[in-house]
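Quick notes on the structure that follows.
Whatever order the structure lists them in is the order used to number ligands and atoms, beginning at 1.
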Amino acid sequence: MKSLKRRTSEILALPRDLSRRFSSSWLSSDVQLVDVSKSSHLISTQYESLDYDVAENELYTKEANQQDSDLYFRMRVSLARWFVMFLIGVFTALIAFGIDAGVANLSSLKFSVVSYFMDQAVDRGGLWVPLLIWVSFGAGMTLVAAVLVSFLEPVAAGSGIPQIKCFLNGVKIPRVVRIQTLFCKAIGVMFSVAGGLAVGKEGPMIHSGAVVAAGLSQGASKSFNWDFGLFEYFRHDNEKRDFVSGGAAAGVAAAFGSPVGGVLFSLEEGASFWNQALTWRVLFSAMVSGFTLNFALSWYHGHFGELSYTGLVNFGVFSGQPYNWYELPIFCLMGAIGGLLGALFNAINYRITLFRFKFVRRPIIKVLEAMVVGAVSCALCFLLIYSSDLCSADDLILSAEDDSSVLQLFCNDGQFNVMSTLTFVTPETAVKCLFHAPLGSFNMPLLLLFSFVYYVLACWTYGLAVPSGLFIPSLLIGAAWGRCVGIFLGHAVGEAEVWVDCGKYALIGAAANLGGVVRMTISLTVILMEATGNVTFGLPLMLVLMTAKFVGDIFNEGIYDMHIHLMSVPILGWEAPSLSHQVKAVQVMNSPVKTLKTVEKVDSVFTLLSDPKSLHNGYPVVDEATGQLRGLILRDHLLILLQRNIFREFATDGTHSQLKLRHLRDAYPRFPTINDIPPSVLNQGFTIDLEPYMNTAPYIVSDKSTLSKIFTLFRALGLRHLCVINSCNQVIGMVTRKDLARFKSKTSNSVTKIYELSYVRN
Ligand code: ATP
Ligand code: MG
């Protein structure tokens with residue numbers, strides 16, 4: 001709380017019209033204001049919105065009319081949509097394949113070198129040599145990942161799921177879908193996973209899929225200045241959003257071999273806007289992705305055409321391990337434990353993140369921190385193996401292709417150190433071990449110790465400046481303590497009972513732990529069902545995930561939402577805050593409004609656009625005589641008009657139609673800035689006719705509307721600007737996403753209060 005207060009006090013002075021606050025006299029008696037320093041987060045003024053609403057100007061309507069009557073054109077665009085989704089699936093899977101192969105090769109290099117020195121040390125003494133080598137591998141590989149993120153592309157850090165969630169909600173997170181981000185993410189995640197950090201490669205796949213989608217759907221790359229002239233009709237925020245939903249689903253499908261889970265993930269976690277046709281296309285993209293990865297991996301492992309490698313992580317099929325109805329309460333209890341552990345995880349990670357905001361700011365410090373975590377992770381794994389004397393002779397635990405990762409250490413010939421099956425392998429393999437190793441493979445102290453160490457490491461690691469996923473570490477922690485529950489039950493009721501199966505409890509524990517951290521229910525249920533190839537566990541998994549979410553939500557929010565709020569993103573939830581029907585439009589809107597006239601002097605437009613106090617992205621266009629609303633024009637479009645000298649004085653045919661929609665699409669998404677406009681256009685007495693280019697039917701609300709209604713309108717239509725008008729149709733205020741996102745409500749001691757967050761410029 002102390003740190004939050006500090007952050008609140010650090011709020012910078014904003015332009016006067018923006019820093020307007022609630023005045024208590026505006027509020028009805030049962031709306032109470034809360035001290036802003038008690039708010040859980042702030043709203044950053046630095047994030048711009050995406051424009052999901054199409055600006056219906058004369059150019060657009062003319063084109064749309066022509067296209068609507070052209071069946072051939074409509075079919076072509078529709079086919080192109082499917083084709084792009086197909087490409088997204090294929091390319092996402094190929095990236096996943098590249099990452100998988102990269103991790104496998106880097107890991108096996110590391111493990112073979114370390115195990116060679118380990119064997120030597122066991123024979124001749126001097127275990128510090130393999131320790132040093134292992135730690136150097138950890139620090140060195142983490143260094144590569146951290147340098148890519150810290151110096152090249154900071155937005156490639158973490159899983160990217162919070163950022164994609166924001167993008168789909170309508171917030172532009174700078175550079176999040178750039179090709180450079182994809183490069184840093186893909187290469188970085190190979191090194192962070194192979195380096196031995198407590199991370200997985202699955203979360204970053206979702207981000208990678210989204211970048212692939214955003215790039216491919218545009219048929220152009222601004223970064224490389226390439227324009228293939230393809231898919232120009234998709235160069236709009238709302239088209240791009242739909243493809244990004246497909247990309248995220250393709251990412252999940254590739255990561256877990258779970259296409260339906262991918263669609264549900266996009267629906268549950270990501271996309272804020274959805275329709276039936278999109279569901280089909282997203283599912284198609286996810287299926288193509290799953291198939292392509294399967295095909296590529298089968299080929300890579302020498303089983304061309306067999307299609308037996310579903311997903312990057314393969315949990316192995318759970319077969320013939322039924323559950324009984326009387327186990328359901330035990331599962332629910334495990335869900336509750338997962339919820340508690342997840343809430344604690346999030347609370348600790350929250351504090352670590354605040355600490356990082358404050359002290360780990362410079363890129364070099366971020367790199368050093370990552371290297372320290374990499375080194376400590378390897379050292380702890382080594383210590384865990386060294387301190388464990390449980391040996392096993394069974395061939396149970398690891399499948400044939402992983403045998404090279406098993407360490408004999410001090411065990412007799414023909415036996416191996418059991419702890420090494422958890423710490424000397426990639427986390428994915430460890431999860432599989434815990435799910436499928438037979439009864440008696442592990443003991444409780446070993447599992448509890450491992451679970452605790454991994455919990456601490458994962459909590460410390462999430463938020464480091466390296467690409468990192470949280471799914472696998474969370475599953476691994478949960479699988480370890482879940483297996484303990486199984487072993488405990490075995491002791492309690494007798495191992496002879498058929499239903500005592502440790503693998504089953506490891507699966508339930510894994511689901512509970514992951515659910516407690518990320519608080520997803522629908523998609524996780526299906527992802528785990530698809531990844532384990534078992535439909536029978538559908539109900540238990542769902543119960544567990546729901547309980548984990550319910551318990552976790554009592555204490556705090558899911559980790560992705562937490563990080564979104566820590567980034568101060570103006571994200572809009574599914575529903576308006578409680579009591580929002582008490583707040584009227586005049587309390588939400590910003591005024592006075594910066595407007596333009598239908599025919600405007602070039603000099604005035606230039607002055608307005610360059611004034612730091614009116615750096616808005618949309619300006620209502622009003623009638624000069626009556627002040628009545630005529631339309632709304634976007635800043636980007638005004639800049640193009642200025643850049644291309646679309647002035648009335650140059651109009652040859654009197655229709656001022658020199659500007660084409662193609663010009664707008666070519667400039668998308670990096671429109672010119674005011675600095676790109678040559679000053680030569682000024683002081684010449686030129687004028688612009690805005691009528692053909694403005695959105696003639698912008699969304700409006702009356703000054704009597706409530707916050708609840710405005711919120712629903714905004715959320716359902718994905719708006720960016722909303723004009724508030726009076727009874728004479730004059731614009732009296734503007735509402736944007738930041739005006740809405742700052743309202744929150746909170747219930748404590750059965751009293752619900754609505755309050756405003758502060759703005760911060762970070
Ligand atoms: P966004 O940043 O979401 O793309 P924007 O830049 O137009 O949209 P914001 O940055 O959200 O607008 O605006 C900050 C504040 O300015 C908000 O309170 C909003 O209501 C207000 N605002 C937006 N457009 C205008 C305008 N033309 N005149 C006056 N205030 C405006
Ligand atoms: Mg803005």
Next on the checklist: Given Pro570, Gly618, Ser49, Ser614, identify the one with the heavy atom nearest to atom 27 (N) of ligand 1.
Outcome noted: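 Shortest heavy-atom distance from atom 27 (N) of ligand 1: Gly618.
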Next on the checklist: Strictly below 4.0 Å, N to O, side chains only: are Glu575 and Arg715 in salt-bridge contact?
Outcome noted: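 So Glu575 does not pair with Arg715 through a salt bridge.
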Next on the checklist: Taking the basic N atoms (NZ, or NE/NH1/NH2) and the acidic carboxylate oxygens, is any pair closer than 4.0 Å for Asp561 and Arg519?
Outcome noted: no
Next on the checklist: Test side chain to side chain contact (heavy atoms under 4.5 Å, CB included) on Leu278 and Gln276; report intermediate values, then the result.
Outcome noted: CA-CA 5 Å; Leu278 181 62; Gln276 196 196 31; over 6 Å; no
Checklist entry - Can a cation-pi geometry be assigned to Arg635 and Tyr619, taking NZ or CZ under 6.0 Å from the six-membered ring centre and within 45° of the ring axis? => result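 Relative to the ring axis of Tyr619, which defines the angle, Arg635 lies outside at least one limit.
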For ligand 1, which atoms have a heavy atom of [X] less than 4.0 angstrom away?
| X | value |
| --- | --- |
| Thr736 | 9 (P), 11 (O), 12 (O), 13 (O), 17 (C), 19 (C), 20 (O), 23 (C) |
| Pro592 | 29 (C) |
| His721 | 5 (P), 7 (O), 8 (O) |
| Asp739 | 17 (C), 18 (O), 19 (C), 20 (O) |
| Tyr619 | 27 (N) |
| Val593 | 28 (N), 29 (C) |

Next on the checklist: Once you restrict to heavy atoms under 4.0 Å, what part of Arg720 touches ligand 1? Side chain, backbone, both or neither.
Outcome noted: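 Answer for Arg720: side chain.
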Item to check | Asn617 and ligand 1 - part of the residue with a heavy-atom distance under 4.0 Å | outcome: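 Both backbone and side chain.
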Next on the checklist: With a cutoff of 4.0 Å, is Lys172 in contact with ligand 1, counting heavy atoms of the residue only?
Outcome noted: no
Checklist entry - Is there a salt bridge (charged side-chain N to carboxylate O under 4.0 Å, His left out) between Lys172 and Glu48 once you walk through the steps? => result CA-CA 6 Å; Lys172 204 182 285 177; Glu48 299 291 351; over 6 Å; no
Checklist entry - So do Leu639 and Leu609 actually touch side chain to side chain, heavy atoms under 4.5 Å? => result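 Heavy-atom side-chain distance check passes, below 4.5 Å.
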Item to check | Distance in Å, Arg720 CZ paired with Asp53 CG, rounded so as to fall on 0.5 Å steps | outcome: 11.0 Å
Item to check | Nearest-0.5 Å distance, CD1 of residue Ile206 to NZ of residue Lys185 | outcome: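 Spacing of CD1 (Ile206) from NZ (Lys185) equals 10.0 Å.
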Item to check | Name of whichever N/O/S atom of Glu48 is nearest to the Mg ion (ligand 2) | outcome: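 In Glu48, the heteroatom (N, O or S) nearest the Mg ion (ligand 2) is OE1.
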